[in-house]
Student: 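Would you mind keeping the following structure in view while I ask a few things?
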Amino acid sequence: MPVPFNTTVEEQGMDIYRELNVELPKDIESVKESVHRFAKDVLRPAAAVLDRMTDPRDVIALDSPLRSVLKQAYQLGYHVAGLPTEIGGMGLRGLGMHVLIEEMSWGAVDLAISLLATGFPFSAAAASGNPELYEKFVKPYIADRDGSLIGCWAITEPQHGSDELVPGTPQFHNPRVTGQVVARADGDSYVINGQKAAWVSNGTIATHAALYLTTEPKAGMAGGGIAFVPLNLPGVSKGKPLNKLGQRALNQGEIYFDNVRIPRKWMLTKSEGYELEVERTLTFANSAMAAAFTGVARAAYEEALDYSKQRVQGGQPICEHQLVQKHLFEMFTKVEACRALSRAVMIYNQTSAAPSLEHAIAAKTFCTQASFEVASDALQVFGGNGLSKEYGIEKLFRDARASLIEDGTNDVLSLAGARHILDRNGVAGPATAQ
């Protein structure tokens with residue numbers, strides 16, 4: 001009989017995993033336990049249902065399980081996990097944030113990413129110090145318990161993806177390559193025109209955006225700005241939700257801007273600070289991706305381990321076959337390596353005055369690649385059953401594959417990371433992009 005995807009090795013009497021931090025603070029231990037229960041009882045079952053919906057419009061329907069998930073997450077305060085406690089957030093940083101992201105992603109990485117993206121524009125507005133944005137938008141978001149206010153990080157464009165995520169490189173300053181969403185100053189306002197691509201997470205359900213746009217085209221991709229934009233303004237429209245291979249519970253879709261007018265003071269970052277802000281954003285995003293796909297790798301490993309104890313071939317459970325044991329131990333090793341690297345990077349980058357983008361990129365590329373390898377090996381342990389929709393391992397495989405592309409392809413990110421390493425070691429890059 002197929003093993004239900006929400007049956008885990010934990011339910012067979014095993015620990016979630018052996019915690020190697022013998023001084024894990026009690027409050028973080030509590031977060032780990034509560035988020036794990038939410039991931040097991042809410043996220044994983046809902047993601048399984050959403051994954052099987054053939055029409056992505058059904059995923060975002062008002063009666064969809066997605067809406068219930070958001071409401072339950074907001075009621076638990078997970079939408080404000082990264083906001084300071086002084087303003088009503090959970091105040092999670094470093095180790096606490098890593099634990100939350102890993103546990104949620106162990107349950108369902110697509111829903112975890114959606115929940116993380118909801119707070120993006122509101123966190124940026126809170127950090128800006130703009131009292132109008134705080135009173136008008138941030139406070140209602142913090143108080144939201146229905147999941148009615150949903151944010152998105154709107155950066156990707158039809159002709160731009162990973163090239164928007166290479167700050168500190170000559171290519172980022174190439175005047176021949178500029179963004180497609182442009183903000184033009186007009187008196188006390190900015191007028192915005194252009195299109196964001198179908199890969200904007202929460203794109204077609206979002207109510208607000210942290211909009212990464214172009215203000216100085218002659219400066220290339222570096223000539224940008226970041227604006228807080230309510231998506232109910234005149235001139236904003238959205239495309240259809242994207243139909244994807246993996247992470248199907250994560251809504252993604254296009255956003256269009258046709259002479260959308262916002263007050264000048266809603267521009268959170270102007271061109272002179274844009275490159276630094278992109279670097280900060282990418283540092284956190286890559287650190288978060290590393291934590292998320294540590295959770296996916298762990299989920300795949302646990303599914304394979306559990307299945308190997310139940311599946312009988314050659315007159316004994318397949319876990320007694322040496323080749324399967326070798327695969328299991330290699331998967332275990334990769335999961336532990338992912339957690340060690342991604343935790344160290346998350347802790348450093350959220351507590352240091354000088355976060356390291358190259359370490360964030362290293363964590364993202366390593367952990368996503370390892371996650372895909374673990375999911376692939378886990379599927380192999382399942383044999384023919386791994387190809388069946390009756391088992392959850394094929395969803396983990398598809399979800400992990402997407403990670404090698406999202407938030408910057410691993411190939412391009414590796415080149416950006418190498419450029420930072422060379423620059424920090426006194427090797428100057430070319431004056432212009434080749």
Side-chain angles (χ1 to χ4, degrees), residues 5 8-9 16-17 35-36 39-40 43-44 47-48 51 97-116 162 201 244-250 284-308 326-346 359-382 386-387 391-414 417:
F5 186 39
T8 69
V9 289
I16 298 173
Y17 56 81
V35 176
H36 184 79
K40 179 171 74 72
L43 295 184
R44 184 169 286 190
D51 182 70
M97 180 60 73
H98 187 285
V99 164
L100 178 135
I101 294 173
E102 180 186 338
E103 293 301 331
M104 281 194 175
S105 302
W106 169 89
V109 71
D110 37 17
L111 292 173
I113 292 173
S114 179
L115 286 168
L116 288 171
S162 300
S201 295
K244 303 174 295 178
L245 170 76
Q247 300 183 27
R248 293 177 60 82
L250 171 62
F284 174 74
N286 274 197
S287 300
M289 284 286 287
F293 285 90
T294 295
V296 173
R298 180 178 128 212
Y301 159 68
E302 290 178 358
E303 291 294 316
L305 176 61
D306 196 38
Y307 180 81
S308 73
K326 178 178 184 292
H327 284 315
L328 290 172
F329 190 73
E330 288 175 345
M331 285 187 268
F332 166 79
T333 301
K334 288 176 181 177
V335 172
E336 293 299 317
C338 284
R339 183 178 298 114
L341 176 59
S342 60
R343 271 193 183 184
V345 169
M346 179 74 79
H359 282 86
I361 291 174
K364 189 271 184 182
T365 55
F366 178 86
C367 293
T368 54
Q369 181 64 38
S371 177
F372 177 64
E373 292 171 1
V374 170
S376 180
D377 287 347
L379 190 148
Q380 191 72 20
V381 168
F382 274 74
L387 305 176
Y391 293 81
I393 191 63
E394 61 88 30
K395 178 185 186 300
L396 289 171
F397 177 79
R398 289 184 283 111
D399 290 349
R401 182 60 184 87
S403 71
L404 307 184
I405 296 173
E406 64 187 324
D407 278 9
T409 68
N410 283 7
D411 290 337
V412 173
L413 287 175
S414 295

Student: With sequence neighbours excluded, what pairs up with Lys244 under the side chain to side chain contact (heavy atoms under 4.5 Å, CB included) test?
Tutor: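 Once residues adjacent in sequence are excluded, the partners of Lys244 under the side chain to side chain contact (heavy atoms under 4.5 Å, CB included) criterion are Trp199, Leu242, Gln247, Leu250, Gln252.
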Student: Once you round to the nearest 0.5 Å, how far does CD1 of Ile393 lie from CG of Leu387?
Tutor: 11.0 Å
Student: Would you check if Leu43 and Met104 make a side-chain contact, meaning some heavy-atom pair closer than 4.5 Å?
Tutor: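 Of all side-chain heavy-atom pairs linking Met104 with Leu43, at least one is under 4.5 Å.
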Student: When the ring centroid of Phe293 is compared with that of Phe372, is the distance short of 6.0 Å?
Tutor: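 No: the rings miss the under 6.0 Å criterion.
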Student: Hey, does Val296 have a side-chain heavy atom less than 4.5 Å from the side chain of Leu396?
Tutor: yes
Student: Under a 3.5 Å distance rule, please check whether Ser105 uses its side chain to pair with a backbone N or O of Glu102 as donor and acceptor.
Tutor: no
Student: Quick test of your reading: applying salt bridge (charged side-chain N to carboxylate O under 4.0 Å, His left out), list the pairs with at least one residue in residues 329-338, sequence neighbours left out, ordered by first then second residue.
Tutor: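 Passing the test, one end in residues 329-338: Lys326-Glu330, Lys334-Glu373, Glu336-Arg339.
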Student: Less than 4.5 Å apart, side chain to side chain, heavy atoms only: is that true for Met289 and Ser403?
Tutor: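 Side-chain contact under 4.5 Å: yes.
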Student: Classify the ring geometry between Trp106 and His36 as parallel (under 30°), tilted (30 to 60°) or perpendicular (over 60°).
Tutor: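 Tilted, since the angle between the ring planes falls between 30° and 60°.
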Student: If I take atom NZ from residue Lys395 and atom CG from residue Asp399, how far apart are they, to the nearest 0.5 angstrom?
Tutor: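 Rounded to the nearest 0.5 Å, the NZ-CG separation comes out at 3.5 Å.
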Student: Residues in side chain to side chain donor-acceptor pair (under 3.5 Å) with Asn286, at least two apart?
Tutor: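 Partners of Asn286 by the side chain to side chain donor-acceptor pair (under 3.5 Å) criterion come out as none, since no residue qualifies.
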Student: Test: salt bridge (charged side-chain N to carboxylate O under 4.0 Å, His left out). Region: residues 400-409. Which pairs qualify, not counting sequence neighbours?
Tutor: none
Student: Please list, chain by chain and in numerical order, all residues satisfying side chain to side chain donor-acceptor pair (under 3.5 Å) with Gln380, sequence neighbours excluded.
Tutor: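 Result, side chain to side chain donor-acceptor pair (under 3.5 Å) vs Gln380: none returned.
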Student: What do the steps show when you test Thr368 against Asn410 for side chain to side chain contact (heavy atoms under 4.5 Å, CB included), and what is the final call?
Tutor: CA-CA 9 Å; Thr368 54; Asn410 283 7; 3.0 Å; yes
Student: Go through the structure and list residues passing salt bridge (Lys or Arg N to Asp or Glu O under 4.0 Å) with Arg398, not counting sequence neighbours.
Tutor: Asp51, Glu394
Student: Which residues satisfy the side chain to side chain contact (heavy atoms under 4.5 Å, CB included) test with Ala362, sequence neighbours excluded?
Tutor: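 So Ala362 forms no side chain to side chain contact (heavy atoms under 4.5 Å, CB included) with any residue.
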Student: Taking side chain to side chain donor-acceptor pair (under 3.5 Å) as the definition, give me every residue that meets it alongside Thr294, ordered by chain and number, with sequence neighbours left out.
Tutor: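 By the side chain to side chain donor-acceptor pair (under 3.5 Å) rule, Thr294 matches Ser342.
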Student: Does Ala297 have any side chain to side chain contact (heavy atoms under 4.5 Å, CB included) partners at least two apart in sequence or in another chain, and if so, which?
Tutor: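 In terms of side chain to side chain contact (heavy atoms under 4.5 Å, CB included), with neighbours along the sequence ignored, Ala297 is linked to Val335, Ser371, Val374.
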Student: Run the side chain to side chain donor-acceptor pair (under 3.5 Å) test against Arg248 and tell me which residues pass, sequence neighbours left out.
Tutor: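 Partners of Arg248 under the side chain to side chain donor-acceptor pair (under 3.5 Å) test: Asn243.
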Student: Got a sec, which residues hit side chain to side chain contact (heavy atoms under 4.5 Å, CB included) with Leu328, two or more places apart in sequence or on another chain?
Tutor: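 For Leu328, the residues satisfying side chain to side chain contact (heavy atoms under 4.5 Å, CB included) (neighbours in sequence not counted) are Ala304, Leu305, Ser308, Val324, Met331.
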Student: Between atom CZ of Phe397 and atom CG of Asp377, what is the distance when rounded to the nearest 0.5 Å?
Tutor: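 Nearest 0.5 Å value for the CZ-CG distance: 10.0 Å.
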Student: What's the shortest heavy-atom distance between Val345 and Ser287, and which atoms?
Tutor: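 Answer, listing the atom of Val345 first, then Ser287: CG1-OG, 3.6 Å.
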Student: Can you tell me how far apart CG (Leu100) and NE2 (His98) are? Round to the nearest 0.5 Å.
Tutor: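 Rounded to the nearest 0.5 Å, the CG-NE2 separation comes to 11.0 Å.
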Student: Strictly by salt bridge (charged side-chain N to carboxylate O under 4.0 Å, His left out), give each pair with a member in residues 362-371 just once, sequence neighbours left out.
Tutor: none
Student: Would you call the rings of Phe332 and Tyr301 parallel, tilted or perpendicular if under 30° counts as parallel and over 60° as perpendicular?
Tutor: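 Aromatic pair Phe332/Tyr301 classed tilted.
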